Amino acid sequence: MILMNDFKAETVALRESMLDATRRVLDSGWYVLGNEVLAFEQLWATACSVAYGVGVGNGMDAIEIALRALDIGPGDEVITTPMTAFATVLAIIRSGATPVLADIDPRTALLSIDSAARCVSKNTKAVLLVHLYGQVRSMVAWQSFCEGAGIKLIEDCAQAHLATLNGKVAGSFGVAGAYSFYPTKNLGAAGDAGMLVTGDELLANRAKCLRNYGQSVRYHHPEIGMNSRLDELHAAMLSERLKWLPEFTGRRRQVAALYRSGIQNAAIGQLVSPEADSAHVYHLYVITCEQRDALQAHLHERGVQSLIHYPVPVHYQAPCRDIKMDAMGLHASELHADTCLSLPCHPQMSDDDIMQVIDAVNLFCVK
Ligand SMILES: Cc1ncc(COP(=O)(O)O)c(C=O)c1O
């Protein structure tokens, strides 16, 4: 079976470097928020071209902490997309703010600026822009939209590790970017991990305080924080894995290029190409098909795993039935949820694997 992710197929050299990192941490005798975390925070902030990185427990916490550090909470509204991991919206809810869902652009599955414009109210404080599937797009438009509306731009970069548009990196366009290093992400730890990146020193310091019980200096808690600290083990492994990220992203782009040109089937739709090669890191390669479930079964029979990102848009989740949304509805998101399918797209795929996926997709016929 060609899997969606295949960590066991990673090279021995990478595995050895992770084992060395583990030994380094055990030998240090320091396990939480130490020198490995400081080193990885610096490495990742530099990679994102921002001054500060604040290591946290996971990507969802990175969003919540960004919102709280910006004083966005009860009574405030944050516009985002229903076509995302539930964690995006859950982070807004946990901050105390009110999520407001705008629809997507069906050509990209990214948040639609026209729909977001319809969602702005006097209480809107931010857009939480999700770089879905690894795409960074229309950032000048989003920056001027937010500036014009007097609201903050916060980026959910959980799927867009180092995607770059016009020389700027995901996470550096807005006031803060939230990264997840969940194992399946383009840069993943051996467990949960995340980071908030920002160019704003005050925001970074507030985030450091919030991640650690709201502690300013040892045993002094000027505010109610949380426990969302990054472990040394994860930070050490992430520093090692970061060395492989450019090569891995390059391979994802090769897989995607072969899919884009090789998939030729009238029943299959493709999202539009990125604005530049650098602006998509292909965390996921997503196609669309009206008979999506039949296509998924057909692929499975031919040894190709696939997944759906995401089958249930946020406003159909039980806790979100009364969620605020664009008055014109979220029809593009609903259609995308019914038709999208993610194909295997990861650095361990061989050329034969890629051809097998393309052949299997092309052999699908509508019944
Ligand atoms: C778009 C998006 N936002 C946020 C998250 C949350 O990240 P984490 O699982 O590290 O909390 C994820 C991870 O699934 C994600 O894909």
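Quick caveat, the model's predicted, so the values are computed rather than measured. We count ligands from 1, going down the list as the structure has it; atoms in each ligand are counted the same way.
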Self-check item: Contacts of Arg15 that satisfy side chain to side chain donor-acceptor pair (under 3.5 Å) - sequence neighbours left out
Solution: none
Quiz prompt | Candidate list Lys152, Lys324, Lys122, Lys125, test salt bridge (charged side-chain N to carboxylate O under 4.0 Å, His left out), partner Glu77, passing option | solution = Lys324
Self-check item: Ring geometry between Phe181 and His161 (parallel below 30°, tilted from 30 to 60°, perpendicular above 60°)
Solution: tilted
Quiz item: Considering only heavy atoms, which protein residues lie less than 4.0 Å from any atom of ligand 1?
Solution: Asn58, Gly59, Met60, Thr84, Ala85, Ala87, Thr88, Val130, Asp156, Ala158, Gln159, Ser180, Lys185, Tyr310
Quiz item: Does a side chain donor of either Asn5 or His346 reach within less than 3.5 Å of an acceptor in the other side chain?
Solution: no
Self-check item: Within 6.0 angstrom of Arg107 CZ, more than 12 heavy atoms from elsewhere
Solution: no
Quiz prompt | Distance-only donor-acceptor check, side chains Glu334 and His315, under 3.5 Å | solution = yes
